[in-house]
Amino acid sequence: MSPPSLIDTHPNLGGAAPVALSYELFPPRSPAAAESLWTTIGELEATDPDYVSVTYGASGSNRSTAVELINRLVQETTLRPLAHLTCVGNSPQELAEIIGELLDVGVRGILALRGDRPKDGVTPPPGSLRYAQDLIELIRRVEQRRSALLCAGKVAVGVAAYPTRHPESPSEAHDIEVLLAKQRSGADFAITQVFFHTEQYADLLTRARRAGVTIPIIPGVMPLTSLRRLARLGELTGVEPAPELIERLAAADTDAERTRIGVSATVDLANAALAAGAPGIHLYTFNEHAAALDVLDKLALPRPRSGNRGNRQGGNRHGAGRISASRRAASQLAS
Ligand code: FAD
């Protein structure tokens, strides 16, 4: 029997794990949208997230705006981008080029997705990647070819996970098998699809761990403040919004009341996920900061101390949103 390692004899060497904070943004569709997005980016940056993810149109149509936004995030902010990439709409050669382009601008995190198939039922051209799993393998291959440029470092590859059955999947058990396959192909972490019931994240985590999925699974939560957006979300993702939340939002008389109801529901989802052991919170922002920051203000996220981003609280249980609020107040005082 070998002697216990130093790490085994000091189980608390690392201390309590901090909770990761991240946001999702999408590339702007017009100059006006870009202007308001950059206001949002400034507000979110002040909360010192670990990364911000940038979505990618499944048709590949927003490739240039996505890469441009990512480039600006790298060049002009302290934010670390996580670039979404989809198999649908791009040939393997194009995808390899895009991955190279992303690595060249300094991206070190990619969310590997299949993307939604076009509704017109057009069959993908022969040779197309079929599943997110194939894209993970392609990313790893491109990474390997550039290992010297990356100082042999790794690209963090994330994937999607589903608290409720993916619309094309025969069962939730199949979704877990797919998640396990993505882990085996080299996924480092997963971010979940939106969900509306507090028990759904814990349930996914239990099923995934039982099946052998060991990677972090980060709950994706969305400020649930708009009826129109909830309906659209249901259409896009196939996830049915909770009827009681819809009823409460519909009965509200003012936007302020809807915001209060929606933010409170989102905080409940995030807190339930944290109680179940979530290693982070990923906020779907829809390129708007107000509701996301409201949610953050009401969460008590244990956030790490930043070594290089200036005046930041850490090591204790402070909501990152409160840090943001104090920073905003400080910058208003300074201006
Ligand atoms: P996959 O993991 O490939 O799964 C797709 C389907 O195929 C599933 O039904 C699965 O069960 C099945 N499957 C997978 N592998 C196998 C296999 N080996 N054998 C048999 N069946 C298999 N879409 C965008 O277009 N752009 C984005 O930026 C974007 N960002 C997203 C971010 C997050 C966090 C999430 C959760 C989703 C995002 N989506 C995005 C949506 C996503 O593209 C869709 O949900 C898509 O339908 C499935 O993508 P996937 O990566 O989960 O695919």
Side-chain angles (χ1 to χ4, degrees), residues 20 22-29 51-63 65-67 69-70 81-90 95 98 102 107 109-119 121 124 128-139 156-196 200-201 204 207-208 211 213 215-222 232-239 273 278 280-287:
S22 54
Y23 302 106
E24 181 184 282
L25 303 171
F26 59 83
R29 299 192 184 109
Y51 57 93
V52 289
S53 81
V54 175
T55 65
Y56 189 83
S59 61
S61 57
N62 71 350
R63 170 177 172 176
T65 44
V67 174
L69 173 58
I70 288 166
L82 171 72
H84 297 207
L85 192 57
T86 62
C87 309
V88 172
N90 293 288
L95 286 166
I98 301 167
L102 291 169
V107 169
I110 300 178
L111 194 67
L113 301 149
R114 188 202 63 185
D116 285 321
R117 295 235 164 92
K119 296 219 167 12
S128 301
L129 302 187
R130 287 179 70 194
Y131 299 119
Q133 195 186 345
D134 303 322
L135 182 55
I136 300 166
E137 286 165 15
L138 179 63
I139 294 167
V157 178
V159 292
Y162 296 89
T164 54
R165 188 180 60 78
H166 181 269
E168 292 164 42
S169 173
S171 65
E172 289 185 343
H174 179 262
D175 285 336
I176 295 290
E177 286 302 313
V178 168
L179 184 57
L180 189 60
K182 293 196 267 197
Q183 172 179 290
R184 288 200 186 110
S185 292
D188 295 302
F189 67 100
I191 301 180
T192 75
Q193 183 58 282
V194 288
F195 56 101
F196 294 101
Q200 283 172 329
Y201 172 79
L204 167 68
R207 289 184 287 113
V213 176
I215 55 175
I217 301 177
I218 299 165
V221 294
M222 186 186 103
R232 179 86 184 114
L233 191 76
E235 285 167 27
L236 287 174
T237 63
V239 183
I281 294 291
H282 185 67
L283 277 162
Y284 292 107
T285 68
F286 283 91
N287 288 5

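This is a predicted model, so every value here is computed, not measured. Just so you know, ligand 1 is whichever comes first in the structure, and atom 1 is the first atom listed for that ligand. Residue numbers count from 1 along this sequence.
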Find out whether Tyr131 and Glu137 are in side-chain contact, i.e. whether some heavy atom of one side chain is under 4.5 Å from a heavy atom of the other.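 They are not in contact (no side-chain heavy atoms under 4.5 Å apart), so the answer is no.
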Do Leu233 and Val239 have side-chain heavy atoms sitting under 4.5 Å apart?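 They are not in contact (no side-chain heavy atoms under 4.5 Å apart), so the answer is no.
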As a test of reading the model: which residues have a non-hydrogen atom less than 4.0 Å away from ligand 1?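 These residues qualify: Thr55, Tyr56, Ala58, His84, Thr86, Leu111, Leu113, Arg114, Gly115, Asp116, Tyr131, Ala132, Gln133, Ala160, Tyr162, His166, Glu168, Ser169, His174, Asp175, Val178, Lys182, Ile191, Thr192, Gln193, Tyr284.
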Quick check for you: to the nearest 0.5 Å, what is the distance between Ile217 atom CD1 and Gln183 atom CD?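 Here the interatomic distance stands at 8.5 Å.
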Listed by chain and number, what are the side chain to side chain contact (heavy atoms under 4.5 Å, CB included) partners of Thr55, not counting sequence neighbours?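 Partners of Thr55 under the side chain to side chain contact (heavy atoms under 4.5 Å, CB included) test: Glu24, Phe26, Pro27, His84.
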According to side chain to side chain contact (heavy atoms under 4.5 Å, CB included), who are the partners of Ala83, at least two apart in sequence or on a separate chain?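 Side chain to side chain contact (heavy atoms under 4.5 Å, CB included) list for Ala83, sorted by chain: Ile70, Leu102, Val107.
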Name each donor-acceptor pair under 3.5 Å that joins a side chain in residues 160-167 to protein atoms two or more places apart or in another chain, with its distance.
from: Arg165; atom 1: NH1; to: Pro167; atom 2: O; distance (Å): 3.3
from: Arg165; atom 1: NH1; to: Ser169; atom 2: O; distance (Å): 2.6
from: His166; atom 1: ND1; to: Glu168; atom 2: N; distance (Å): 3.1

